Amino acid sequence: MNIEVHPPAGIGIAALQDVIWLFFPRADLVVKDQGAPPEMYLQISLVGSEALVVCRYNGNETLHRESATLLLPFDANEAKRLCRLAIFKLFARIKGLVPPPWGIFTGIRPTKIVHRLLGRGMRVEDIKVLLQMDYAVHPDKAKLITDIAVNQIPFLPEQNRGLGGAVGVYIGIPFCPSRCVYCSFPSYSLKTHGIWLEPFLAGLEEEIKAVGRALHNQGMQVNCVYLGGGTPTILTAAQLDNLLVHILTHLPLVSNVEFTVEGGRPETLTEDRLQVCAERSVSRISINPQTMHRKTLQAIGREHTVEEVYQAVERARTLDFRVINMDLILGLPGEGEDEVAESLRQVCALQPENITLHALAVKRAAPWRYNLAAYPLPGPVQAAVIAHTAFREVVAHGYHPYYLYRQKQMVGYLENVGYALPEKECLYNIAVIEERQTIVGLGCGGGSKWVNPVNWSLTADYNPREPNLYVHRLGDIIRRKIDNLARMR
C-alpha cells in the first residue's frame with residue numbers, strides 16, 4: 001500500500017511509521033506523489049498543544065483532533081507523542097478495529113517510561129491514568145507494566161552510584177542441536193557448522209581473559225553472568241567445564257554472583273552437564289519446554305520429549321540450583337487456550353522459581369518464513385484469551401511479573417513476561433531490559449550496552465553472529481571492548 005504522509009515541521013515520517021504499520025502493515029510511506037496517485041493521503045498538523053489529522057482513503061475524508069492532556073510539559077517529545085496518538089485513534093476508527101492493547105507503545109521496553117515517570121515523583125495510580133490517556137494503553141497493560149516497574153525498584157542500580165559500578169556479562173554460544181522453525185537467534189546446527197566449534201571456543205576463552213583483565217584494571221566487578229545462545233549445554237561436559245572455569249578464573253565476579261546457564265533444550269541437560277554446572281557455581285538453570293505437547297514440539301522442530309522435561313527438572317532439583325526457570329511460548333501453531341492451560345498446569349506443578357511466558361514472534365529470519373501458511377496461528381482475540389488464561393494460571397500459583405519486553409510482529413500484539421516466586425527474580429533479565437546497568441556481550445551475537453548511569457544514555461555494540469566472522473575479527477572485537485571499558489572511568 002502507498003501512503004503519502006505530510007507530518008508537521010520537526011517530526012519525521014520515521015517517528016510515525018510504527019503506528020501507521022499497526023493498522024497498515026509494511027505500507028510504503030512517501031512524502032509526495034511519486035507518480036501513481038497514493039492509495040491514502042495523510043496530513044498531520046500541530047496547532048499549539050493540539051494535533052489535527054486529515055486522512056483521505058477509499059474516497060472518504062476523515063478528520064481527528066487530539067488535544068494534549070498537559071500532564072507532562074509540552075515539548076518536542078510530547079508533540080511527537082500527540083501526533084502518534086491522533087493517528088492511532090483515527091486509524092482505529094477507519095478500520096473499525098478494537099485498538100491494539102499496547103496503544104502507541106511500539107517499542108521493546110514499555111516499562112522504561114514508567115521508570116522515568118516514577119523518577120519524576122509521579123504516583124503509581126497517576127501513571128496508570130497517564131498511560132491510558134496519553135498512550136492509549138489498555139488498563140490491564142497499564143497495570144501490568146506499573147506493577148512490574150515497582151517490583152523492579154529494589155534491583156535497579158541507584159542513580160548516584162556513579163560510573164564504574166557492577167556490570168553484567170552475556171556470553172553467546174551459537175550452536176544448537178537443530179533449528180526451531182520460529183527461531184531468529186544466531187544459532188547453527190553442529191551437523192552443518194561443527195567445524196567452527198573448537199575455533200570458536202578458543203576465541204571465546206581469549207575474549208573472556210582480555211575482558212576480565214580490563215574489568216580488573218578498571219576496578220569493576222560482575223554481578224550477573226548469563227550463558228546463552230543457541231544452546232550452551234550442547235557442549236560436552238568437558239567443554240562446558242573448561243568454559244565455566246575460564247569464566248570463574250578470569251572475570252571479577254562478586255561473591256554472590258547470579259550465574260545463569262541457558263539449558264534451553266531439555267534433552268541436552270544430561271546428568272554430567274548439570275553436575276558440571278552445579279560444581280562451577282551456576283546458580284540459575286533454564287529448562288525450556290516451550291510447550292508440554294509432543295505434537296506441537298514435533299511441528300516446531302524441537303527434538304525433546306515431554307518426559308525429558310521432567311527428567312531434566314528432577315536432575316536439576318537433586319543438585320540444588322537456587323533457581324530453575326522454565327519457558328513456554330504462547331501462540332504456537334495449533335495451540336489454543338486449553339493446550340496452553342494444560343502446559344502451564346504441568347509446569348506449575350514442577351514449581352520452578354521462574355516461569356517466562358513468551359508470545360510467538362513471526363520473524364523474517366526464522367526458517368518457517370518460507371511456509372507460514374502451514375502453521376495456523378491465533379488471531380488477536382484468541383491470543384488475548386490465551387494470554388489472560390496464562391496470566392491467571394501463573395498468578396494463582398504464587399508468581400508475580402518482574403520483567404517484560406515486546407517484539408515486532410508478535411501474535412495478538414502480546415508481550416513476553418517473566419514471572420518469579422518471591423525473592424527469586426533474575427537480576428540479569430531486569431538489567432538487560434531496563435538498561436540501567438552496563439552489559440558486556442561476549443561470544444557470537446553478544447550485544448554490549450555501555451550505560452552512563454548519570455543520565456541513562458547508552459551506546460551499543462554487537463559481536464558478529466557467525467562463528468567464522470567472530471573468529472576472524474576477534475582482535476578488533478577485543479580492542480573495542482577494552483576501549484569502551486576504559487571510557488567508563
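Only this structure's heavy atoms are used, side chains among them; waters, hydrogens and symmetry mates stay out. For this chain, numbers begin at 1 and follow the sequence in order. As the structure is a prediction and not an experimental result, all values here were calculated from the model.
- Proximity of the aromatic rings of Y402 and Y419 is defined here by a centroid distance below 6.0 angstrom, and this criterion is not met.
- Neither side chain, E339 nor T296, offers a donor N or O lying under 3.5 Å from an acceptor on the other.
- Enclosure of atom NZ in K143 is not indicated, since only 12 or fewer non-hydrogen atoms of other residues, nucleotides or ligands lie within 6.0 angstrom.
- Neither side chain, H138 nor Q132, offers a donor N or O lying under 3.5 Å from an acceptor on the other.
- In this structure, R265 does not pair ionically with E303, as no charged nitrogen and carboxylate oxygen lie closer than 4.0 Å.
- In this structure a side-chain-to-backbone donor-acceptor pair under 3.5 Å is missing from S283 to E258.
- The pair E415-K141 meets the salt-bridge criterion, with a side-chain N (NZ, NE, NH1 or NH2) lying under 4.0 Å from an Asp/Glu carboxylate O.
- Between the side chains of T291 and E335, a donor-acceptor pair is found at a separation under 3.5 Å.
- Remark: R436 qualifies as a cation-pi partner of W456 under the 6.0 Å distance and 45° angle criteria applied to the six-membered ring.
- Just one of Y226, F155, F259 meets the ring-ring contact (aromatic ring centres under 6.0 Å, His included) condition when paired with Y428; it is Y226.
- Of the N and O atoms on the side chains of N463 and E207, at least one donor lies less than 3.5 Å from an acceptor on the other residue.
- Outside the 6.0 Å centre-distance limit, the rings of F88 and Y135 are not counted as a close aromatic pair.
- Between the side chains of H358 and Q407, not a single donor N or O lies within less than 3.5 Å of an accepting N or O.
- The aromatic rings of Y403 and Y405 sit parallel to each other, their planes meeting at less than 30°, with 60° as the upper class boundary.
- No donor-acceptor pair under 3.5 Å is formed between the side chain of Q346 and the backbone N or O of S343.
- Between R284 and E353 there is no salt bridge, since none of the side-chain N atoms of the basic residue sits less than 4.0 Å from a carboxylate O of the acidic one.
- The side-chain contact (heavy atoms from CB on, under 4.5 Å) check on D338 picks up nothing, with sequence neighbours excluded.
- In terms of the ring-ring contact (aromatic ring centres under 6.0 Å, His included) criterion, residue partners of Y57 (sequence neighbours excluded) are, by chain and number, F24.
- Within 6.0 Å of NZ in K80 there are 12 or fewer heavy atoms belonging to other residues, nucleotides or ligands.
- Between R109 and E435 there is a salt bridge, since at least one side-chain N of the basic residue sits less than 4.0 Å from a carboxylate O of the acidic one.
- T233 places a side-chain N or O within donor-acceptor distance of the main-chain N or O of G263, the cut-off being under 3.5 Å.
- For CD of Q298, the number of neighbouring non-hydrogen atoms (other residues, nucleotides, ligands) closer than 6.0 Å is greater than 12.
- For T356 and N416, the side-chain atoms include no donor-acceptor pair closer than 3.5 Å.
- With hydrogens and angles ignored, the 3.5 Å screen pairs a side-chain donor or acceptor of H472 with a backbone N or O of N468.
- With respect to K408 and D18, a salt bridge is recorded, a charged nitrogen being found less than 4.0 Å from a carboxylate O.
- Taking both residues in full, the closest heavy atoms of P467 and Y188 are given as CD-CE1, 3.6 Å, listed atom of the first, atom of the second, then distance.
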